[in-house]
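In what follows, every chain begins at residue 1, and chains take the letters A, B, ... in the order their sequences are listed. What you see is a predicted model, and the numbers here were worked out from it, not measured in a lab.
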Protein chains: 2
Amino acid sequence: MSRAQRWIDDQGERPTRERVLDAAMQLFHAQGYTATGIAAILERADLNPGSLFHFFPTKEDLVLALLDRYLTLLDPMVIAPVFERITDPIERVFGILDGYRRMLVSTECALGCPIGNLALELSDTHPKVRAKVAANFDQWCAAVRGCLDAGRNRLPPKTDTDRLATFVLTVMEGAVMQAKAQRSLDPYDQSVAELRAYFDRLLAEASDWKKPRSS
Amino acid sequence: MSRAQRWIDDQGERPTRERVLDAAMQLFHAQGYTATGIAAILERADLNPGSLFHFFPTKEDLVLALLDRYLTLLDPMVIAPVFERITDPIERVFGILDGYRRMLVSTECALGCPIGNLALELSDTHPKVRAKVAANFDQWCAAVRGCLDAGRNRLPPKTDTDRLATFVLTVMEGAVMQAKAQRSLDPYDQSVAELRAYFDRLLAEASDWKKPRSS
DNA sequence: GTCTATAACTCGATAGAC
DNA sequence: GTCTATCGAGTTATAGAC
């Protein structure tokens, strides 16, 4: 059983509202927002229109609530499992990236990042969705920046950890996109390997500062 | 007048097929594939259903033809203008990235990369679209790899230019996505600045190999 | 809060004249 | 190759009973 399923089951009997969100989460991730009809969500949740529209007056309300859920799930689903396994702050960043790799493996690179998908599909036309996507990105970056700040002493003194955290998110999203388009892990692994090469150089440079025997 | 408009006008009076593609290109870029109805394309092209379906029996045929056009436009629209201005092979890579920055500025960060948008929206459900998106990414990477190969002597000897070109595309797509989600150039500029910092270190490392006074 | 039935509309695609 | 008219299915959302 997946960790996500366990998280859901641990909540006990799912109330209607949560069942709607469960179904929407899966279908929006697999097919996109516009391509997923309300009817498909109702069928998967085994519910009738009246129940859904009682909680979510419009389809947009539904996706907004889903993005709130993703914000809530970021820590227990994405961050905490990595922090349990790994203590080194820099390695935690690559542990998070490895979490996305596992997602790609388990979906055969088909689905990609649920937030990134919504970002590109709806940012132009749905301002409220765009704002909540941005909030999800902000929180993701803040978590990575926390790792980088914790490992500050091993990075070059003038490192802008905010900028570097943004860059890590950029690499993750760009790499997941290419993996999805190529249906292959290669672009993801190649991109993370280059990011690792960059970090190696940052770490080496910082350790030169500490023990400046040369130069 | 934009370079794109000039390119279009230089073709002379637009035949029907091209007018359909022009309209689809703009609307798919601005609203996405599923959210754009055939009716909207017909209205923008000032055409009737019979004309469109004569050339494109299905909506999917239309987006496939559009991706063929993007493949054709890559060199004259994205690569060649940069190569005219810039001769240094490494700077050409950053010149290409600056081209995307200009696109972000002129659209107020709203639209993002037309190929990337289609990649995330349709890769799951439209295998033929996914394949053509992948072909576009391949050609983009090949162009960047060409620059990196031309600047090979200034990069560390064991540099994998294929992997590095994939990384450049990863950074571009991830950065454009965040710029669109945040409706701000900041994530794009920050990401490109980090990529530049990485290249600076690669170039410095290679020049150390050439003149190995230290170590 | 959940049910059934359906309104009001838009979708992609087609038919057949010219 | 382009026109007008429209089909049938699918869309989001609503009405009103329970």
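- Applying the side-chain hydrogen bond (donor to acceptor under 3.5 Å, both in side chains) rule to B/E18 yields the partners B/R69; only residues at least two apart in sequence or on another chain are considered.
- Note on ring orientation: taking the six-membered ring where Trp is involved, the planes of B/Y198 and A/Y198 are tilted (angle from 30° to 60°).
- By the 4.5 Å heavy-atom criterion applied to side chains, A/V144 and A/L169 are not counted as neighbours.
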With side-chain contact (heavy atoms from CB on, under 4.5 Å) as the criterion, how do B/W140 and B/V168 come out once you've worked through the C-alpha distance, each side chain's angles and the decisive distance to 0.1 Å?
CA-CA 10 Å; B/W140 200 97; B/V168 173; 4.0 Å; yes
Assess whether ring pair (Phe, Tyr, Trp, His ring centres under 6.0 Å) is satisfied between B/F199 and B/F94, documenting all intermediate values.
CA-CA 10 Å; B/F199 267 81; B/F94 287 92; 5.3 Å; yes
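- Side-chain nitrogen and oxygen atoms of A/T16 include none within less than 4.0 Å of the OP1 or OP2 phosphate oxygen of C/dG1.
- Rounded to whole angstrom, the span from the CG atom of B/L52 across to the P atom of D/dC3 amounts to 12 Å.
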Nucleotides 4-18 of chain C: protein proximity per nucleotide (B base, S sugar-phosphate only, - neither; heavy atom, under 4.0 Å)
BB------SBB----
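- With rounding to whole Å, A/F55 atom CZ is found 19 Å from D/dT12 atom C1'.
- The side chain of B/H54 contributes an N or O atom lying less than 4.0 Å from OP1 or OP2 of D/dG1.
- None of A/Q31, A/R44, A/Q26, A/K59 except one satisfies the side chain to side chain donor-acceptor pair (under 3.5 Å) rule with A/T36; the exception is A/Q31.
- Distance CG (A/L42) to C1' (C/dT2): 12 Å, rounded to an integer number of Å.
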